[in-house]
Amino acid sequence: MGRHGWNSGARRWRLTALLGVGAAALALVLTLINTLPGDGGSAAGTTRDGDKVHGTPAVPPGESGPDVGWGFTHTQFSADEGSGAATRRVAERLGEQPLPQIQHIMGWGADNPEPVKGRYDFEDMDRRIDFVRESGGTPVVTLCCAPDWMKGGKSGTDNTNWSQEALETAPRPEHFDDYAALAATVAKRYPDVRHFIVWNEFKGFWNDAEARWDYEGYTELYNLVHKALKDVNEDIQVGGPYLVMDSLDPRQKENASPTVKGPWGAMDQRVLDAFDYWNKNKAGADFVVVDGSSYTKDDELLPDEFAATDKFTVVSRWVRERTGDLPLWWAEYYVEPSDADDERDDWSEAHRGAVQASGMIAMARGGTTSAFYWNPEKEKGADCAGCLWTPTDSADGGKPLPMLDLVSRFNREFPPGTEYEQVSVAAGSAPDVRVLADDKAVLVVNTQDRKISTEVDGERFDMGAYEVKWLTR
């Protein structure tokens with residue numbers, strides 16, 4: 001969502017000061033060894049065999065479907081690092097109810113994977129994939145972002161520009177083939193990763209001259225990456241376009257869709273146009289990916305935070321109408337506006353959980369089959385609003401938080417292929433609750449900041465303020 005924490009969290013190469021008379025000479029030798037001809041930049045710490053299979057793949061190669069269910073995305077700080085006791089605690093908890101997990105190839109905890117053309121550094125990615133394997137999750141890789149030399153920057157392990165502007169720059173067209181080759185290298189290195197998302201939020205694909213998305217450029221890159229991945233293994237599942245489904249204030253007319261709208265706002269027509277172009281011109285897709293928030297581009301929750309989640313239902317149905325039977329993924333979804341520092345901590349955890357559950361219900365009602373919670377884990381500290389677990393920096397860290405319980409339970413009760421059913425809700429309390437049910441479970445959310453009494457599916461019970469309750473059938 002543009003502000004969702006792009007930071008790499010990757011290590012930075014530093015030369016330790018050498019003592020003694022021979023220090024300068026040794027440093028010069030090392031520089032010559034680790035610098036490629038032609039001003040390629042330092043290749044320290046890299047290898048040529050990037051496509052060598054890493055570790056022990058979690059599952060043998062075989063057919064894998066396009067649906068993965070409800071999971072989360074690893075961000076800058078995650079449970080692959082920290083106290084051994086804390087990281088094991090998270091892995092064991094996830095192992096009880098395995099979840100699909102997304103990791104980007106560059107940024108969000110991963111270093112530059114190819115700082116010099118043909119020279120690779122997958123140390124961070126290896127560690128993240130190992131954690132997904134250890135915790136029993138389904139690994140999903142987002143192919144973003146691009147090494148500096150592919151987008152006009154400098155080559156070399158010591159030249160990676162981690163500024164947000166640089167990271168969010170797309171590869172240049174003359175390097176689209178290079179990026180597709182990098183994608184293939186990643187697929188060969190992790191043969192148990194069978195689901196790939198191409199790029200992230202159209203980053204760098206904006207046409208300034210025409211004030212619209214450069215959907216032609218993105219689609220060209222997507223098609224090349226799609227082919228490269230399928231050449232590695234036809235069973236690899238590929239999806240896009242990962243557009244941000246921005247909505248505008250209902251009173252705004254410029255760029256507002258005249259048809260895809262509601263009390264929550266109107267869709268930005270430029271986003272819909274970009275989606276339609278990709279959908280018409282894509283080489284193929286095994287699933288469709290979008291992301292977005294329930295609030296408007298101006299951070300307005302209309303008409304309120306719960307009703308705003310209806311946007312997820314409308315947008316999901318709009319996408320499904322255009323893509324037929326292709327499974328729909330939300331790679332990111334947000335229900336709480338952030339501040340200038342990308343912090344979302346104004347709500348109580350109960351309030352946050354209730355609106356989050358309502359958003360997941362809204363996506364499911366629209367036909368969404370997989371969605372990923374953007375985990376905002378912090379590096380350290382006791383407070384971590386909306387996190388799935390406490391920071392893993394200390395031995396007593398890595399403890400599950402309420403949001404993990406919600407995401408895990410939702411994934412278990414409503415997996416891909418779920419057939420949802422209508423359930424009765426007492427007329428008097430119907431406006432106060434959000435409900436989702438199949439033949440085995442019912443999820444009920446109290447949208448009020450007060451205690452209520454309600455009757456759902458023939459069962460009468462009280463609910464606390466913003467309570468999220470599960471019923472069995």
Side-chain angles (χ1 to χ4, degrees), residues 69-70 97 262-265 293-295 300-317 330 333-337 344-369 371 373 385-388 400-473:
W70 305 75
Q97 177 58 48
W264 42 266
S293 64
S294 57
Y295 44 88
E300 295 293 328
L301 288 163
L302 303 171
D304 60 65
E305 68 269 37
F306 288 97
T309 63
D310 291 340
K311 170 186 171 179
F312 293 132
T313 302
V314 174
V315 172
S316 295
R317 288 174 177 168
W330 284 78
Y333 54 95
Y334 301 91
V335 299
E336 180 182 5
R344 294 175 172 85
D345 54 10
D346 290 339
W347 294 351
S348 69
E349 205 63 29
H351 188 186
R352 181 177 295 108
V355 186
Q356 168 75 9
S358 297
M360 297 169 78
I361 289 172
M363 285 186 282
R365 285 177 173 171
T368 297
T369 57
Y373 181 73
C387 293
L388 298 177
L401 293 171
M403 200 63 72
L404 178 58
D405 292 335
L406 173 61
V407 174
S408 298
R409 184 72 181 269
F410 200 98
N411 183 59
R412 182 171 77 247
E413 301 291 0
F414 305 131
T418 295
E419 295 185 8
Y420 297 103
E421 299 183 355
Q422 293 288 334
V423 296
S424 61
V425 180
S429 60
D432 297 336
V433 297
R434 292 286 174 117
V435 179
L436 185 68
D438 63 5
D439 61 340
K440 296 180 180 178
V442 183
L443 172 60
V444 187
V445 181
N446 177 10
T447 65
Q448 302 300 312
D449 188 16
R450 57 177 170 79
K451 180 180 177 180
I452 66 169
S453 179
T454 186
E455 183 178 312
V456 177
D457 203 26
E459 182 177 346
R460 168 67 62 175
F461 50 88
D462 294 334
M463 297 187 74
Y466 296 135
E467 183 179 354
V468 175
K469 186 178 184 66
W470 292 90
L471 309 176
T472 56
R473 306 184 75 186

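These numbers come from a predicted model, not from an experiment. Because only heavy atoms are used, hydrogens play no part in the values below, and waters and symmetry mates are left out as well, while side chains stay in.
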Engineer: When you measure from the side chain of R352 to the backbone N and O of M403, does any donor-acceptor pair fall under 3.5 Å?
Structural biologist: no
Engineer: Taking atom CD of Q422 and atom CG of D457, what is their separation to the nearest 0.5 Å?
Structural biologist: 11.5 Å
Engineer: Should L443 and M360 count as side-chain neighbours, where that means a heavy-atom distance under 4.5 Å?
Structural biologist: no
Engineer: Working to the nearest 0.5 Å, report the span between CD of E459 and OG1 of T454.
Structural biologist: 10.5 Å
Engineer: Does a donor on one side chain and an acceptor on the other come within less than 3.5 Å for S453 and D462?
Structural biologist: yes
Engineer: Could you measure the distance from the OG1 atom of T368 to the CD1 atom of I361? Nearest 0.5 Å is fine.
Structural biologist: 13.0 Å
Engineer: Determine whether a donor-acceptor pair (N or O, by modelled atom type, separation under 3.5 Å) exists between the side chain of S316 and the backbone of T313.
Structural biologist: no
Engineer: Scan residues 414-453 for pairs that pass ring pair (Phe, Tyr, Trp, His ring centres under 6.0 Å), counting only residues two or more places apart or in two chains.
Structural biologist: F410-F414, F414-Y420, F414-W470
Engineer: Evaluate the side-chain proximity of V456 to F461: yes if any heavy-atom separation is below 4.5 Å, no if none is.
Structural biologist: yes
Engineer: Report yes if the side chains of V433 and I452 come closer than 4.5 Å at any heavy-atom pair, otherwise no.
Structural biologist: yes
Engineer: Would you indicate whether the side-chain heavy atoms of R473 and V442 approach each other to under 4.5 Å?
Structural biologist: yes
Engineer: To the closest 0.5 Å, what do you measure between CH2 (W330) and CZ (F312)?
Structural biologist: 5.5 Å
Engineer: Side chains of V314 and W264: closer than 4.5 Å at any heavy-atom pair?
Structural biologist: yes
Engineer: What heavy-atom pair brings Y295 and K311 nearest, and what distance separates the two atoms?
Structural biologist: O-NZ, 4.0 Å
Engineer: Provide the closest heavy-atom pair for A430 versus V425 in the form atom of the first, atom of the second, distance.
Structural biologist: CA-CG1, 3.8 Å
Engineer: Looking only at non-hydrogen atoms, find the nearest pair between E421 and D439 and report the distance.
Structural biologist: OE2-CB, 3.5 Å
Engineer: Looking at every non-hydrogen atom in both residues, tell me the closest pair between R434 and D310 and how far apart they are.
Structural biologist: NH1-OD1, 3.0 Å
Engineer: Give, for atom OG of S293 and atom CD of E300, the distance between the pair rounded to the nearest 0.5 Å.
Structural biologist: 11.5 Å
Engineer: What are the two closest non-hydrogen atoms of M463 and V445, and how far apart are they?
Structural biologist: CE-C, 4.2 Å
Engineer: Which atoms form the tightest heavy-atom contact between D432 and R450, and what is the distance?
Structural biologist: OD2-NH2, 3.7 Å
Engineer: When you measure from the side chain of S408 to the backbone N and O of D405, does any donor-acceptor pair fall under 3.5 Å?
Structural biologist: no
Engineer: Please name all residues satisfying salt bridge (charged side-chain N to carboxylate O under 4.0 Å, His left out) with R365, sequence neighbours left out, ordered by chain then number.
Structural biologist: none
Engineer: How long is the span from the CH2 atom in W70 to the CE atom in M363, to the nearest 0.5 Å?
Structural biologist: 4.5 Å
Engineer: side-chain contact (heavy atoms from CB on, under 4.5 Å) between D449 and H351: does it pass, once the steps are laid out?
Structural biologist: CA-CA 8 Å; D449 188 16; H351 188 186; over 6 Å; no
